[in-house]
Amino acid sequence: MSRLFCIANQKGGVGKTTTAVNLAAGLAAQQQRVLLIDLDPQGNATMGSGVDKRTLPRTVYHVLLGLATAGEAVVRSPGGAYDLIGANRELAGAEVELVSLENREQRLRDALAPLDDAYDFTLIDCPPALSLLTLNGLCAVQGVIIPMQCEYFALEGLTDLVNTIKRVHAGLNQELELIGLLRVMFDPRMTLQQQVSDQLESHFGDKVFRTIIPRNVRLAEAPSHGLPGVVFDRNARGAQAYVSFGAEVIERVKTMRVA
Ligand code: ADP
Ligand code: MG
(Lines give C-alpha, C1' and ligand atoms only; values in the text may rest on other atoms or scores of the structure.)
(Ligands and ions follow the chains in the order given, each with its own letter.)
Protein backbone atom coordinates (compact mmCIF):
# COMPACT_ATOMS: atom_id res chain seq x y z
CA MET A 1 0.00 0.00 0.00
CA SER A 2 1.33 3.37 -1.00
CA ARG A 3 1.59 6.41 1.24
CA LEU A 4 0.37 9.38 -0.75
CA PHE A 5 1.42 12.92 0.06
CA CYS A 6 0.90 16.31 -1.54
CA ILE A 7 3.65 18.89 -1.44
CA ALA A 8 1.52 22.01 -1.27
CA ASN A 9 1.70 25.72 -0.63
CA GLN A 10 -0.37 28.21 -2.61
CA LYS A 11 2.60 30.56 -2.86
CA GLY A 12 4.98 30.21 -5.78
CA GLY A 13 8.73 29.94 -5.39
CA VAL A 14 8.65 28.55 -1.86
CA GLY A 15 10.42 25.27 -2.62
CA LYS A 16 7.57 22.87 -3.41
CA THR A 17 9.10 21.40 -6.55
CA THR A 18 12.60 21.24 -5.07
CA THR A 19 11.13 19.38 -2.10
CA ALA A 20 9.02 17.03 -4.24
CA VAL A 21 11.90 16.07 -6.55
CA ASN A 22 14.49 15.71 -3.80
CA LEU A 23 12.20 13.86 -1.40
CA ALA A 24 11.37 11.46 -4.25
CA ALA A 25 15.09 10.92 -4.95
CA GLY A 26 15.93 10.83 -1.24
CA LEU A 27 13.31 8.14 -0.57
CA ALA A 28 14.42 6.20 -3.64
CA ALA A 29 17.99 6.29 -2.33
CA GLN A 30 16.64 4.56 0.77
CA GLN A 31 15.22 1.65 -1.26
CA GLN A 32 11.67 3.00 -1.37
CA ARG A 33 9.55 2.56 -4.50
CA VAL A 34 8.45 6.08 -5.38
CA LEU A 35 6.03 7.65 -7.84
CA LEU A 36 6.25 11.43 -8.32
CA ILE A 37 3.31 13.19 -9.94
CA ASP A 38 3.77 16.64 -11.43
CA LEU A 39 0.48 18.49 -10.99
CA ASP A 40 1.78 21.90 -12.08
CA PRO A 41 1.41 23.04 -15.73
CA GLN A 42 4.87 24.63 -15.42
CA GLY A 43 6.25 21.07 -15.51
CA ASN A 44 9.26 21.92 -13.33
CA ALA A 45 9.19 18.63 -11.45
CA THR A 46 9.13 16.84 -14.83
CA MET A 47 12.15 18.72 -16.20
CA GLY A 48 13.92 18.49 -12.83
CA SER A 49 13.51 14.72 -13.00
CA GLY A 50 15.34 14.69 -16.34
CA VAL A 51 12.22 14.13 -18.47
CA ASP A 52 11.48 16.47 -21.39
CA LYS A 53 7.98 17.82 -20.80
CA ARG A 54 7.61 18.92 -24.45
CA THR A 55 7.91 15.42 -25.90
CA LEU A 56 5.91 13.46 -23.33
CA PRO A 57 3.08 11.64 -25.13
CA ARG A 58 1.00 11.12 -21.99
CA THR A 59 0.90 13.32 -18.92
CA VAL A 60 -1.22 13.82 -15.84
CA TYR A 61 -3.54 15.85 -18.08
CA HIS A 62 -4.53 12.70 -19.96
CA VAL A 63 -4.92 10.84 -16.67
CA LEU A 64 -7.23 13.49 -15.18
CA LEU A 65 -9.43 13.57 -18.27
CA GLY A 66 -9.59 9.80 -18.63
CA LEU A 67 -7.63 9.79 -21.90
CA ALA A 68 -4.95 7.48 -20.44
CA THR A 69 -4.62 5.29 -17.37
CA ALA A 70 -2.12 6.32 -14.72
CA GLY A 71 -0.04 3.26 -15.58
CA GLU A 72 0.15 4.31 -19.22
CA ALA A 73 1.42 7.75 -18.24
CA VAL A 74 4.24 6.53 -15.98
CA VAL A 75 7.80 7.12 -17.16
CA ARG A 76 11.10 6.53 -15.37
CA SER A 77 13.22 9.44 -14.15
CA PRO A 78 16.59 8.67 -15.77
CA GLY A 79 18.64 10.11 -12.92
CA GLY A 80 16.32 9.81 -9.98
CA ALA A 81 15.57 6.08 -9.54
CA TYR A 82 11.85 6.82 -9.25
CA ASP A 83 8.81 6.83 -11.51
CA LEU A 84 7.12 9.97 -12.78
CA ILE A 85 3.81 11.07 -14.22
CA GLY A 86 4.78 14.32 -15.90
CA ALA A 87 3.02 17.56 -16.75
CA ASN A 88 3.28 20.36 -19.26
CA ARG A 89 1.33 23.41 -20.39
CA GLU A 90 -1.55 21.28 -21.60
CA LEU A 91 -2.48 20.76 -17.95
CA ALA A 92 -3.52 24.40 -17.64
CA GLY A 93 -6.53 23.54 -19.81
CA ALA A 94 -7.61 20.73 -17.50
CA GLU A 95 -8.78 23.24 -14.94
CA VAL A 96 -11.58 24.33 -17.30
CA GLU A 97 -12.28 20.92 -18.81
CA LEU A 98 -12.65 19.27 -15.41
CA VAL A 99 -15.41 21.59 -14.27
CA SER A 100 -18.10 19.89 -16.34
CA LEU A 101 -17.00 16.34 -15.45
CA GLU A 102 -18.53 14.13 -12.83
CA ASN A 103 -16.51 13.67 -9.64
CA ARG A 104 -14.26 16.48 -10.72
CA GLU A 105 -12.30 16.63 -7.44
CA GLN A 106 -11.78 12.87 -7.26
CA ARG A 107 -10.42 12.20 -10.75
CA LEU A 108 -6.82 11.81 -9.67
CA ARG A 109 -7.67 9.63 -6.68
CA ASP A 110 -9.73 7.26 -8.82
CA ALA A 111 -7.03 7.12 -11.48
CA LEU A 112 -4.27 6.31 -8.96
CA ALA A 113 -6.12 3.51 -7.17
CA PRO A 114 -4.83 0.72 -9.49
CA LEU A 115 -1.21 1.72 -8.76
CA ASP A 116 -1.56 1.52 -5.00
CA ASP A 117 0.46 -1.68 -4.57
CA ALA A 118 3.23 -0.65 -6.92
CA TYR A 119 4.76 2.06 -4.71
CA ASP A 120 5.77 2.73 -1.12
CA PHE A 121 5.37 6.49 -1.62
CA THR A 122 3.43 8.61 -4.09
CA LEU A 123 4.30 12.32 -4.00
CA ILE A 124 2.30 15.03 -5.75
CA ASP A 125 3.91 18.37 -6.61
CA CYS A 126 1.02 20.87 -6.48
CA PRO A 127 0.67 24.13 -8.43
CA PRO A 128 0.90 27.46 -6.58
CA ALA A 129 -2.85 27.96 -6.15
CA LEU A 130 -5.76 26.54 -4.21
CA SER A 131 -7.27 25.45 -7.52
CA LEU A 132 -9.22 22.47 -8.81
CA LEU A 133 -5.89 20.83 -9.64
CA THR A 134 -4.69 21.24 -6.06
CA LEU A 135 -8.08 19.95 -4.84
CA ASN A 136 -7.55 16.83 -6.95
CA GLY A 137 -4.19 16.46 -5.26
CA LEU A 138 -5.64 16.89 -1.77
CA CYS A 139 -8.43 14.40 -2.46
CA ALA A 140 -5.96 11.76 -3.67
CA VAL A 141 -3.65 11.67 -0.63
CA GLN A 142 -3.51 10.92 3.07
CA GLY A 143 -1.26 13.79 3.99
CA VAL A 144 0.11 17.19 3.13
CA ILE A 145 3.70 18.34 3.45
CA ILE A 146 4.05 22.12 3.44
CA PRO A 147 7.43 23.56 2.54
CA MET A 148 7.86 27.13 3.72
CA GLN A 149 10.39 29.85 4.04
CA CYS A 150 10.63 31.40 7.46
CA GLU A 151 9.51 34.85 6.45
CA TYR A 152 6.99 37.15 8.02
CA PHE A 153 4.19 36.64 5.49
CA ALA A 154 4.70 32.88 5.42
CA LEU A 155 2.54 32.52 8.52
CA GLU A 156 -0.31 34.45 6.94
CA GLY A 157 -0.45 32.17 3.90
CA LEU A 158 -0.30 29.16 6.16
CA THR A 159 -3.67 29.99 7.71
CA ASP A 160 -5.40 29.83 4.29
CA LEU A 161 -3.78 26.52 3.46
CA VAL A 162 -4.54 24.96 6.84
CA ASN A 163 -8.17 26.09 6.47
CA THR A 164 -8.34 24.53 3.00
CA ILE A 165 -6.98 21.28 4.40
CA LYS A 166 -9.65 21.37 7.12
CA ARG A 167 -12.40 21.99 4.55
CA VAL A 168 -11.22 19.16 2.31
CA HIS A 169 -10.97 16.92 5.36
CA ALA A 170 -14.53 17.76 6.37
CA GLY A 171 -16.13 17.57 2.94
CA LEU A 172 -14.14 15.48 0.50
CA ASN A 173 -11.39 13.38 2.08
CA GLN A 174 -11.63 12.31 5.71
CA GLU A 175 -8.22 10.63 5.53
CA LEU A 176 -6.45 13.90 4.92
CA GLU A 177 -4.09 15.21 7.56
CA LEU A 178 -1.25 17.69 7.83
CA ILE A 179 1.93 15.61 7.94
CA GLY A 180 4.20 18.48 8.64
CA LEU A 181 5.77 21.83 7.91
CA LEU A 182 9.21 21.79 6.34
CA ARG A 183 11.48 24.79 6.76
CA VAL A 184 13.32 25.35 3.49
CA MET A 185 15.88 27.80 2.08
CA PHE A 186 16.82 28.44 5.66
CA ASP A 187 19.56 30.90 6.51
CA PRO A 188 20.34 30.81 10.26
CA ARG A 189 22.21 34.13 10.03
CA MET A 190 18.92 35.93 9.43
CA THR A 191 17.45 36.86 12.78
CA LEU A 192 13.93 37.08 11.36
CA GLN A 193 14.13 33.56 9.96
CA GLN A 194 15.23 32.23 13.34
CA GLN A 195 12.36 34.07 15.02
CA VAL A 196 9.74 32.78 12.57
CA SER A 197 11.20 29.29 12.92
CA ASP A 198 10.83 29.47 16.72
CA GLN A 199 7.29 30.78 16.30
CA LEU A 200 6.43 27.86 14.04
CA GLU A 201 7.72 25.38 16.58
CA SER A 202 5.79 26.90 19.46
CA HIS A 203 2.61 27.11 17.37
CA PHE A 204 2.70 23.81 15.50
CA GLY A 205 4.83 21.67 17.86
CA ASP A 206 5.76 18.29 16.42
CA LYS A 207 3.99 19.14 13.16
CA VAL A 208 7.23 20.94 12.31
CA PHE A 209 9.75 18.52 10.82
CA ARG A 210 13.05 18.39 12.71
CA THR A 211 15.01 18.49 9.47
CA ILE A 212 15.71 21.98 8.17
CA ILE A 213 16.67 22.48 4.52
CA PRO A 214 19.38 25.14 4.21
CA ARG A 215 19.65 27.62 1.38
CA ASN A 216 22.13 25.86 -0.87
CA VAL A 217 23.00 26.87 -4.41
CA ARG A 218 23.68 23.27 -5.52
CA LEU A 219 19.97 22.52 -5.08
CA ALA A 220 19.13 25.42 -7.38
CA GLU A 221 21.70 24.35 -9.99
CA ALA A 222 20.59 20.73 -10.20
CA PRO A 223 17.41 21.16 -12.32
CA SER A 224 19.36 22.65 -15.23
CA HIS A 225 21.23 19.33 -15.35
CA GLY A 226 17.97 17.38 -15.28
CA LEU A 227 18.89 15.83 -11.95
CA PRO A 228 17.54 15.99 -8.40
CA GLY A 229 19.96 17.86 -6.13
CA VAL A 230 20.27 14.68 -4.09
CA VAL A 231 21.81 12.97 -7.14
CA PHE A 232 23.57 15.96 -8.73
CA ASP A 233 25.85 16.60 -5.75
CA ARG A 234 25.04 14.23 -2.95
CA ASN A 235 27.67 15.67 -0.65
CA ALA A 236 26.23 19.19 -0.75
CA ARG A 237 24.57 20.35 2.45
CA GLY A 238 21.20 20.74 0.75
CA ALA A 239 21.30 17.23 -0.68
CA GLN A 240 22.23 15.73 2.67
CA ALA A 241 19.38 17.62 4.32
CA TYR A 242 16.87 16.15 1.85
CA VAL A 243 18.20 12.63 2.46
CA SER A 244 17.73 13.22 6.21
CA PHE A 245 14.27 14.53 5.49
CA GLY A 246 13.48 11.30 3.60
CA ALA A 247 14.54 9.31 6.66
CA GLU A 248 12.37 11.50 8.88
CA VAL A 249 9.36 10.97 6.59
CA ILE A 250 9.90 7.18 6.64
CA GLU A 251 10.04 7.34 10.42
CA ARG A 252 6.98 9.56 10.67
CA VAL A 253 4.73 7.34 8.53
CA LYS A 254 5.39 4.45 10.91
CA THR A 255 3.42 6.33 13.55
CA MET A 256 0.55 7.23 11.18
CA ARG A 257 -2.61 5.23 11.46
CA VAL A 258 -3.21 2.92 8.55
CA ALA A 259 -6.25 4.01 6.59
P1 ADP B 1 7.93 26.23 -6.03
O2 ADP B 1 7.79 24.88 -6.63
O3 ADP B 1 7.25 26.36 -4.69
O4 ADP B 1 7.54 27.32 -6.97
P5 ADP B 1 10.79 25.83 -6.32
O6 ADP B 1 11.10 24.53 -5.69
O7 ADP B 1 10.69 25.86 -7.81
O8 ADP B 1 9.48 26.46 -5.68
O9 ADP B 1 11.90 26.85 -5.82
C10 ADP B 1 11.93 28.21 -6.24
C11 ADP B 1 13.37 28.59 -6.56
O12 ADP B 1 14.17 28.49 -5.40
C13 ADP B 1 13.99 27.68 -7.58
O14 ADP B 1 14.82 28.45 -8.42
C15 ADP B 1 14.81 26.70 -6.76
O16 ADP B 1 15.92 26.18 -7.47
C17 ADP B 1 15.24 27.57 -5.60
N18 ADP B 1 15.42 26.80 -4.36
C19 ADP B 1 14.53 25.96 -3.79
N20 ADP B 1 15.01 25.46 -2.63
C21 ADP B 1 16.25 25.98 -2.47
C22 ADP B 1 17.27 25.87 -1.46
N23 ADP B 1 17.10 25.10 -0.37
N24 ADP B 1 18.42 26.57 -1.63
C25 ADP B 1 18.59 27.36 -2.70
N26 ADP B 1 17.68 27.53 -3.68
C27 ADP B 1 16.53 26.86 -3.57
MG1 MG C 1 6.85 24.30 -8.43
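Being a predicted model, the structure only gives us computed values, none of them experimental. Whatever order the structure lists them in is the order used to number ligands and atoms, beginning at 1.
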- Task: Using a cut-off of 6.0 Å, state whether more than 12 heavy atoms not belonging to Arg76 lie near its atom CZ.
- Result: yes
- Same apolar cluster (I L V M F W Y, side chains within < 4.5 Å links), Val96/Val99: no
- Message: Is it the case that over 12 heavy atoms from other parts of the model lie below 6.0 angstrom from the CZ atom of Arg234?
- Response: no
- Query: What do you reckon, does Gly13 put a non-hydrogen atom under 4.0 Å from ligand 1?
  - Reply: yes
- Message: With nothing but distance in play, are any N or O atoms of Thr17 less than 3.5 Å from an N or O of ligand 1?
- Response: yes
- Donor-acceptor side-chain pairing of Tyr242 and Thr211 below 3.5 angstrom: no
- Task: Can you figure out which of Val21, Asn44, Thr18, Val14 has its heavy atom closest to atom 6 (O) of ligand 1?
- Result: Thr18
- When you measure from atom 23 (N) of ligand 1 to each heavy atom in Ala236, Pro214, Gly15, which option holds the nearest one? Pro214
Below 3.5 Å, can you tabulate the donor-acceptor pairs from side chains in residues 22-36 to any protein atom, sequence neighbours excluded?
| from | atom 1 | to | atom 2 | distance (Å) |
| --- | --- | --- | --- | --- |
| Asn22 | OD1 | Gly229 | N | 2.8 |
| Asn22 | OD1 | Val230 | N | 2.8 |
| Asn22 | ND2 | Thr18 | O | 2.8 |
| Gln30 | NE2 | Gly26 | O | 3.1 |
| Gln30 | NE2 | Val243 | O | 3.1 |
| Gln31 | NE2 | Ala29 | O | 3.4 |
| Gln32 | NE2 | Gln30 | O | 3.3 |
| Arg33 | NE | Asp120 | OD2 | 3.3 |
| Arg33 | NH1 | Asp117 | O | 3.2 |
| Arg33 | NH1 | Ala118 | O | 3.4 |
| Arg33 | NH2 | Asp120 | OD1 | 3.1 |

- For atom 26 (N) of ligand 1, what is the nearest protein heavy atom, given as residue, atom name and distance? Ala220 CB, 3.8 Å
- Test Glu175 against Asn173 for side-chain hydrogen bond (donor to acceptor under 3.5 Å, both in side chains), laying out the working first. CA-CA 5 Å; Glu175 261 178 35; Asn173 177 7; 5.6 Å; no
- Item | Asn88 and Thr59 side chains, donor-acceptor separation under 3.5 Å | no
- Note on the structure: min-distance protein heavy atom vs atom 11 (C) of ligand 1 -> Met185 CE, 4.6 Å
- Nearest candidate to atom 24 (N) of ligand 1, where distance is taken over non-hydrogen atoms, out of Leu219, Asn22, Val217, Asn216: Asn216
- Item | Residue and atom, protein N/O/S, under 2.8 Å of the Mg ion (ligand 2) | Thr17 OG1
- Query: Which residues pass the side-chain contact (heavy atoms from CB on, under 4.5 Å) test with Asp206, sequence neighbours left out?
  - Reply: none
- Task: Please name all residues satisfying side-chain contact (heavy atoms from CB on, under 4.5 Å) with Arg210, sequence neighbours left out, ordered by chain then number.
- Result: Glu248, Glu251
